[in-house]
Amino acid sequence: MNRQRRAVVKGLAAVSLTTLSGCGGSGGDSAGDEQAVSGSASANLPGVEFRHGVASGDPLGDRVILWTRVSPVDVLERDAGEIPVSLVVATDPELTQVVGRQVVTASPASDFCVKVDAQGLQPNRWYYYRFSVGDQTSPVGRTRTFPTDQQAVERARFAVVSCSNYAYGLFSVYRAVSAQTDLDFVLHLGDYIYEYGPGEYGSYPGHEPNPPHEITELAHYRLRHAQYKADPHLQATHQQFPMICIWDDHESANDSHITGAENHDEATEGAWSQRKSDAIQAYFEWLPIRAVESEPGRIWREFSFGGLIDLFMLDTRLEGRDQPVGSMTDPARFDNERRLVSEAQMQWLQSGLENSSANWRFIGQQVMFAELNVARTLDAAETAGVADLNGFNGQLLSLNMDQWDGYVSDREKILTTLRDKEIDNTVIFTGDIHTSWANEIQYDPGNLAETPLAVEFVTPSVTSPGFPEDLAGPAAIAVRAANPHMKYVELKSPGFMLVDVTPERTQSEFYYVRNITGEDEVGQLDTSKTKVVGVRAGNARIVEDEPVSRPRTMRTALFHPPVREHMA
């Protein structure tokens with residue numbers, strides 16, 4: 001780790017581990033609190049704007065990460081120094097019932113991003129927060145803490161998203177997610193940004209990538225994150241709900257792994273280790289993710305939602321992944337020494353699954369876990385009359401090359417743990433492939449009589465493209481015909497999953513937006529496409545077409561209202 005990187009990580013950790021003074025104390029007037037923080041020095045504070053909104057993430061029982069970014073307007077950012085930023089946290093949207101306040105520093109070392117680990121909060125509570133520099137204020141954000149293991153929880157609701165390529169269209173999906181009034185959190189499974197230059201992967205008018213070239217170094221990654229965070233629809237999602245996120249490959253470079261990437265050329269783009277380090281640094285600056293002080297760059301971590309859910313977030317991309325094999329016929333993919341995750345992460349996951357006492361064990365990760373039999377699928381496609389078999393094969397391989405199919409030994413370790421330890425109620429949530437899937441996970445998918453060990457729900461993309469329009473329908477039919485453990489396959493539509501959880505069942509509802517190109521239809525859902533799948537406790541068979549779940553209008557939306565009216 002270079003000296004600059006070490007200094008910045010140390011600085012961010014110092015901010016994120018500072019206790020929010022006064023949390024849990026008596027209420028008070030928010031204006032008075034901020035005046036007490038700023039005092040007479042307000043007149044001497046620099047002019048700033050909060051162009052990138054607010055965000056929260058990684059909620060625990062007594063704390064949550066709160067984030068914003070300060071943009072100096074009086075001077076060029078390169079000439080700006082440290083800026084004191086005040087934070088107030090309250091239990092009401094008007095910020096009159098204040099429970100805590102703090103002053104932190106925005107500085108060039110962290111690209112003027114501010115992250116506070118707001119500690120001392122009460123479990124299973126909703127909060128509202130705002131940042132300010134003098135009388136210049138951010139929008140008000142809404143967030144929550146998670147219930148503790150000792151608290152009985154009867155229900156949880158969250159959205160699952162991934163693959164948001166700004167250059168490919170409007171973030172209509174984010175707007176639709178923000179309109180859900182009662183989510184407990186948003187699960188983002190990666191590809192939060194894309195690294196490509198103009199025209200390389202998407203060319204939606206007015207959404208040209210910034211900077212106008214492929215991003216390969218720290219300043220570039222920061223600018224790209226800033227462009228995405230300036231989008232009002234993404235801001236709306238962050239403003240309403242805490243986010244639990246992981247990266248996939250495009251936060252660094254396409255098909256990345258521990259020693260390189262498909263979209264990285266060391267001869268012209270420098271050392272991969274430096275590019276990866278820069279991408280990780282920008283990610284931790286710009287996302288509301290809690291850093292692990294002893295392991296900078298670690299994103300595999302665990303969350304508990306009362307006794308209802310234990311959630312394990314994996315890093316299958318940068319932490320331990322060997323370079324993908326060149327072909328699905330390469331016998332190396334069966335090599336016991338090949339790794340998708342490190343041995344330390346694998347042992348952590350196996351131990352967590354075995355020792356979990358929650359109703360449900362959830363795994364959030366990047367690439368599809370279920371086995372996809374490409375040869376049988378091609379045969380089924382030919383039988384079904386798919387005209388462009390070569391194109392179909394190319395699509396399948398682009399889906400499948402760097403998934404768990406290429407790392408058979410690591411997948412078998414998890415399957416063996418589930419089988420031998422008799423671990424039930426396990427659900428895997430996956431992103432990456434821009435398409436929708438509901439899969440039963442079997443030790444041997446070829447044995448139709450075998451009882452599934454788990455299920456997998458794969459979320460559609462926010463904008464990134466799936467299969468071509470004329471190929472998506474026949475391809476989905478062929479996939480299901482050749483892979484009977486894959487119960488639902490939709491290969492073209494952008495959208496998100498809404499997951500509703502009770503002790504008795506986990507239900508995943510696939511919602512699709514009308515389009516990602518029409519400004520007048522942003523956030524509108526095409527309800528004719530809605531698909532409901534689920535799994536009941538104690539039985540890993542997928543159940544289809546149950547009624548959609550009902551929102552918790554009274555408990556969440558009424559008593560802890562969203563804050564759209566407070567948006568800047």
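Below, each value reflects all heavy atoms present in this structure, side chains not excepted, and no hydrogens, waters or symmetry copies.
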I need the R144 CZ to H560 NE2 distance, nearest 0.5 Å.
8.0 Å

G431 and S162: which non-hydrogen atoms are nearest, and at how many Å?
CA-OG, 3.5 Å

Contact check, side chains of F362 and F305, non-hydrogen atoms, under 4.5 Å:
no

CG on L170 to CD on E521, rounded to 0.5 Å
11.0 Å

Do the charged groups of R63 and D58 touch, with an N to O distance under 4.0 Å?
no

Classify the angle between the aromatic ring planes of Y174 and F171 as parallel (below 30°), tilted (30 to 60°) or perpendicular (above 60°).
perpendicular

Do the side chain of E195 and the main chain of N254 share a donor and acceptor less than 3.5 angstrom apart?
yes

Between T145 (side chain only) and L60 (backbone N and O only), is there a donor and an acceptor less than 3.5 Å apart?
no

Do we see a donor-acceptor contact under 3.5 Å between the side chains of K531 and S436?
no

Look at the side chain of T435 and the backbone N and O of I433, then say whether any donor-acceptor pair between them is shorter than 3.5 Å.
yes

If I compare all heavy atoms of L498 with all of Q180, which pair ends up nearest, and what's the gap?
CD1-OE1, 3.6 Å

Examine the side chains of Y192 and K229 and answer whether a donor and an acceptor come within less than 3.5 Å of each other.
yes

Taking atom types as modelled and ignoring hydrogens, do the side chains of T502 and E154 form a donor-acceptor contact shorter than 3.5 angstrom?
no

Check step by step if side chain to side chain contact (heavy atoms under 4.5 Å, CB included) holds for Y283 and C245.
CA-CA 10 Å; Y283 187 89; C245 58; 3.4 Å; yes

Could you give me the CA-CA distance, side-chain angles and deciding distance for D402 and R321, then say whether side chain to side chain contact (heavy atoms under 4.5 Å, CB included) is met?
CA-CA 10 Å; D402 69 344; R321 171 192 285 262; 3.2 Å; yes

Side-chain heavy-atom pair P242, P288 within 4.5 angstrom cut-off
no

Ignoring hydrogens and geometry beyond distance, is a side-chain donor-acceptor pair present between Y511 and E509 at under 3.5 Å?
yes

With side chain to side chain donor-acceptor pair (under 3.5 Å) as the rule and sequence neighbours excluded, what pairs involving residues 305-314 come up?
S304-D310, D310-S356

Under 3.5 Å donor-acceptor, R301 side chain and I299 backbone:
yes

Backbone N or O of A291 within a donor-acceptor pair of the R298 side chain at under 3.5 Å?
no

Quick check against the 3.5 Å criterion: does E412 have a side-chain atom that pairs as donor or acceptor with the backbone of I414?
no

Closer than 3.5 angstrom, by distance alone: can the side chain of N483 be matched with the main-chain N or O of M486 as a donor-acceptor pair?
no

Parallel, tilted or perpendicular, judged at 30° and 60°: which one describes the rings of Y228 and Y166?
tilted

Going by atom types alone, do E319 and Q345 pair a side-chain donor with an acceptor below 3.5 Å?
yes

On a heavy-atom basis, the closest approach of F241 and V177 is CE1-O, 3.5 Å

Partner of F369 by ring pair (Phe, Tyr, Trp, His ring centres under 6.0 Å), out of W404, F457, F429, W437
W404

Measure the acute angle between the ring planes of F284 and W247, then classify it against the limits of 30° and 60° as parallel, tilted or perpendicular.
perpendicular

Out of curiosity, Y127 OH to T143 OG1, how far, rounded to the nearest 0.5 Å?
10.5 Å

Mind checking whether H225 and E285 have side chains closer than 4.5 Å, heavy atoms only?
no

Okay, side chain of D249, backbone of S256: is any donor-acceptor separation there less than 3.5 Å?
no

Assess whether atom CZ of R536 is packed by more than 12 heavy atoms of other residues, nucleotides or ligands within 6.0 Å.
no

Any side-chain donor near an acceptor of the partner, H233 and R175, under 3.5 Å:
yes

Please tell me whether Q366 and D248 have a donor and an acceptor in their side chains that are separated by less than 3.5 angstrom.
no

Thinking salt bridges, do D410 and K413 make one under a 4.0 Å N-O criterion?
yes

Any side-chain donor-acceptor pair under 3.5 Å between S351 and N355?
yes

Rounded to the nearest 0.5 Å, what separation is found between the OG1 atom of T237 and the CE atom of M243?
6.5 Å

Kindly give the heavy-atom pair with the smallest separation between E440 and P452, and that separation in Å.
OE1-CG, 3.7 Å

If I take atom OG1 from residue T451 and atom CZ from residue R541, how far apart are they, to the nearest 0.5 angstrom?
6.0 Å

Show your working on side chain to side chain contact (heavy atoms under 4.5 Å, CB included) between I246 and L189 and close with a plain yes or no.
CA-CA 5 Å; I246 49 175; L189 297 180; 4.0 Å; yes

Do Q524 and S172 have side-chain heavy atoms sitting under 4.5 Å apart?
no

Identify the heavy atoms of R338 and P324 that sit nearest to each other, and give their distance.
NH2-CA, 3.9 Å

Counting N and O atoms only, with roles assigned by atom type, does the side chain of T459 sit under 3.5 Å from a partner on the main chain of V160, one being a donor and the other an acceptor?
yes

Hey, which of V153, D184, T506, V427 is the one that makes side-chain contact (heavy atoms from CB on, under 4.5 Å) with V501?
T506

Run the side chain to side chain contact (heavy atoms under 4.5 Å, CB included) check on H434 and T463 step by step: do they pass?
CA-CA 8 Å; H434 314 169; T463 59; over 6 Å; no

Quick check: does any side chain N or O of R339 sit under 3.5 Å from a backbone N or O of Y407, one acting as donor and the other as acceptor?
no

Could you tell me whether the side chain of L234 reaches within less than 4.5 Å of the side chain of V462, counting heavy atoms only?
no

Heavy-atom pair with the smallest gap, counting every atom of A176 and L525
CB-CD2, 3.9 Å

Can you check side-chain hydrogen bond (donor to acceptor under 3.5 Å, both in side chains) on Y194 and S464, steps first, answer last?
CA-CA 10 Å; Y194 279 71; S464 299; 2.7 Å; yes

Rounded to the nearest 0.5 Å, how far does CD of Q350 lie from CD1 of I423?
9.0 Å

If you define the side chain from C-beta out and look only at heavy atoms, does anything of V535 sit under 4.5 Å from N539?
no

Modelled atom types, side-chain donor and acceptor of S178 and Q239, under 3.5 Å
no

Side-chain contact test, heavy atoms from C-beta onward, threshold under 4.5 Å: evaluate it for R290 versus K115 and give yes or no.
no

Is the closest side-chain heavy-atom distance between H238 and W67 below 4.5 Å?
no

Once you measure the plane-to-plane angle for F146 and F303, does it fall in the parallel (<30°), tilted (30-60°) or perpendicular (>60°) bin?
perpendicular

